[in-house]
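Structure first, then comments.
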Protein chains: 2
Amino acid sequence: MTDMTDALSLERQVCFALAVASRSVIGVYRPLLQPMGLTHPQYLVMLALWEQAPLSVKELSKLLQLDPGTLSPLLKRLEAIGYIRRRRDSQDERVLVVTLTAEGRELRSEAERIPSSVVERLGMDLEELQELHRSLTRVIAAANGAHR
Amino acid sequence: MTDMTDALSLERQVCFALAVASRSVIGVYRPLLQPMGLTHPQYLVMLALWEQAPLSVKELSKLLQLDPGTLSPLLKRLEAIGYIRRRRDSQDERVLVVTLTAEGRELRSEAERIPSSVVERLGMDLEELQELHRSLTRVIAAANGAHR
DNA sequence: GTACAATAATTGGTACACAAACTATTGTTG
DNA sequence: CAACAATAGTTTGTGTACCAATTATTGTAC
């Protein structure tokens, strides 16, 4: 039996730690992404596209677990800076096909340095990060199972 | 030596898992907080105040690791719904003293049910959650140390 | 083959989140 | 004490993030 006397204590809240950790780590990425003109969510979209392109908004939405309403303006900004192209699918005019431009593809080599740079700045063992990753994967699965 | 051939793979990005986990877990809180009229960040502010009040904006900012510019409008909304009061310190007119209203204090008993409810909906062991919490605490420390 | 449901994006509204500029007050120094 | 630095909040601008409503297109039934 766990002590529940102070269940509302700020420090015990996993949700609080999650939110702070997420913002903090994004803060580590920020100066590294800035030279490329990318925000963190935009970087995640680029990662998805480097792995597989083209992708529709719906597919991106599923991969990144982001609302289409969030992605829509974000993708327009990525197009405005010239990393992606947005077109309607000729087969199905409802879907928007997102592809990489030459610039967008070239950015990849520059982005390759980021992960190791982040790990270095964090100064954590890969071991620990992998453990964290495993824990996070479990919570994500649990949380996604929780509200449906 | 770890395999670095696909360091940019979306699934390997701890930052991605962190962002998704954070949003997902907040999504579990959402329906529980809605009846009280609170968003998750607002809930965190209330948690801080239930632990200790009054608190200044600066103190809240430090506790929650949130920008004062984020807290400022958030606190106005909390005041608008009647859970807190905002006053200038008579000793030092620069600082804003945030206190709880009677309503805000009473809300605590209702909020007591939330943590266990979230844990239940997640369906995870407390053990696992504690391990996650420890990992998160380490990343937060690492990330906060990284950019200064 | 036309009404109707389903699907894919976009839009509008509210609320973070952060950086930079600004205001007001307090502290400090010559 | 007057000039100036430091501090505490607020404001502004940009960019997520989610929800609900809307638009446009496609699929389905009758």
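Convention: sequence-line order gives letters A, B, ...; per-chain numbering from 1. Quantities reported herein were computed from a predicted structural model and do not represent experimental measurements.
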Phosphate OP1/OP2 of C/dT10: any A/S72 side-chain N/O under 4.0 Å
yes
Got a sec? Which of residues 76-87 of chain B come in under 4.0 Å of DNA chain D, heavy atoms?
B/K76, B/R86
Pairwise salt bridge (charged side-chain N to carboxylate O under 4.0 Å, His left out) hits with a residue in residues 129-146 of chain B, at least two apart
A/E128-B/R138
Expected list for residues 54-64 of chain A: side-chain donor-acceptor pairs under 3.5 angstrom, two or more places apart:
{"residue": "A/S56", "atom": "OG", "partner": "A/K58", "partner atom": "N", "Å": "3.4"}
{"residue": "A/S56", "atom": "OG", "partner": "A/E59", "partner atom": "N", "Å": "3.1"}
{"residue": "A/S56", "atom": "OG", "partner": "A/E59", "partner atom": "OE1", "Å": "3.3"}
{"residue": "A/E59", "atom": "OE1", "partner": "A/S56", "partner atom": "N", "Å": "2.7"}
{"residue": "A/S61", "atom": "OG", "partner": "A/L66", "partner atom": "O", "Å": "2.6"}

Taking salt bridge (Lys or Arg N to Asp or Glu O under 4.0 Å) as the definition, give me every residue that meets it alongside A/R86, ordered by chain and number, with sequence neighbours left out.
A/E79
Report the residue (A/A19 or A/E59) whose heavy-atom-nearest nucleotide on DNA chain C is the more 5′ of the two.
A/E59
Assign B/P68 to base, sugar-phosphate, or nothing according to its heavy-atom contacts below 4.0 angstrom with the strands shown.
base
Report which part of the nucleic acid A/L71 touches: base, sugar-phosphate, or nothing (heavy-atom distance under 4.0 Å, all strands).
nothing
Hits for salt bridge (Lys or Arg N to Asp or Glu O under 4.0 Å) against B/E93, two or more places apart or cross-chain, chain-then-number order -> none
Distance (rounded to the nearest 0.5 Å) between B/L38 CG and B/L32 CG:
11.5 Å
Opening and closing nucleotides of DNA chain D in contact with chain B, under 4.0 Å to non-hydrogen atoms
D/dA6 to D/dC19
Pairwise distance OG(B/S116) to CD(B/E120) - rounded to 0.5 angstrom
7.5 Å
Can you tabulate the close N/O pairs, meaning under 3.5 Å, that link protein atoms to atoms of nucleotides 26-28 of chain C?
{"residue": "C/dT26", "atom": "OP1", "partner": "B/E93", "partner atom": "N", "Å": "3.2"}
{"residue": "C/dT26", "atom": "O4'", "partner": "B/R94", "partner atom": "NE", "Å": "3.4"}

Going by the rule salt bridge (Lys or Arg N to Asp or Glu O under 4.0 Å), which residues pair with B/E103 if we only count those two or more places apart in sequence or in a different chain?
none
Could you measure the distance from the OG1 atom of A/T101 to the CG atom of A/L78? Nearest 0.5 Å is fine.
9.5 Å
Any residue meeting side-chain hydrogen bond (donor to acceptor under 3.5 Å, both in side chains) with B/E106, in chain and number order, not counting sequence neighbours
none
Which heavy atom in B/G104 sits nearest to a heavy atom in B/W50, and how many Å separate them?
O-NE1, 2.9 Å
Nucleotide nearest B/T39 (side chain, heavy atoms from C-beta), chosen from C/dC18, C/dC16, C/dA9:
C/dC16
Could you check whether any side-chain N or O of A/S24 sits under 3.5 Å from a backbone N or O of B/I140, counting only pairs where one atom can act as donor and the other as acceptor?
no
Listed by chain and number, what are the salt bridge (Lys or Arg N to Asp or Glu O under 4.0 Å) partners of A/R23, not counting sequence neighbours?
none
Bend angle of the helix from C/dG1-D/dC30 to C/dG30-D/dC1 from five-pair axes at both ends, rounded to 10°?
0°
Separation of C/dT7 atom C1' from A/L96 atom CG, nearest Å, is 14 Å
For atom CG of B/L44 and atom P of C/dA17, their distance in whole Å
8 Å
Please tell me which of B/L74 and A/T70 maps to the more 5' nucleotide of DNA chain C, matching each residue to the nucleotide holding its nearest heavy atom.
A/T70
Under the side-chain hydrogen bond (donor to acceptor under 3.5 Å, both in side chains) test, which residues partner A/D92, sequence neighbours left out?
A/R94
Does OP1 or OP2 of C/dC18 have a side-chain N or O of A/R23 closer than 4.0 Å?
yes
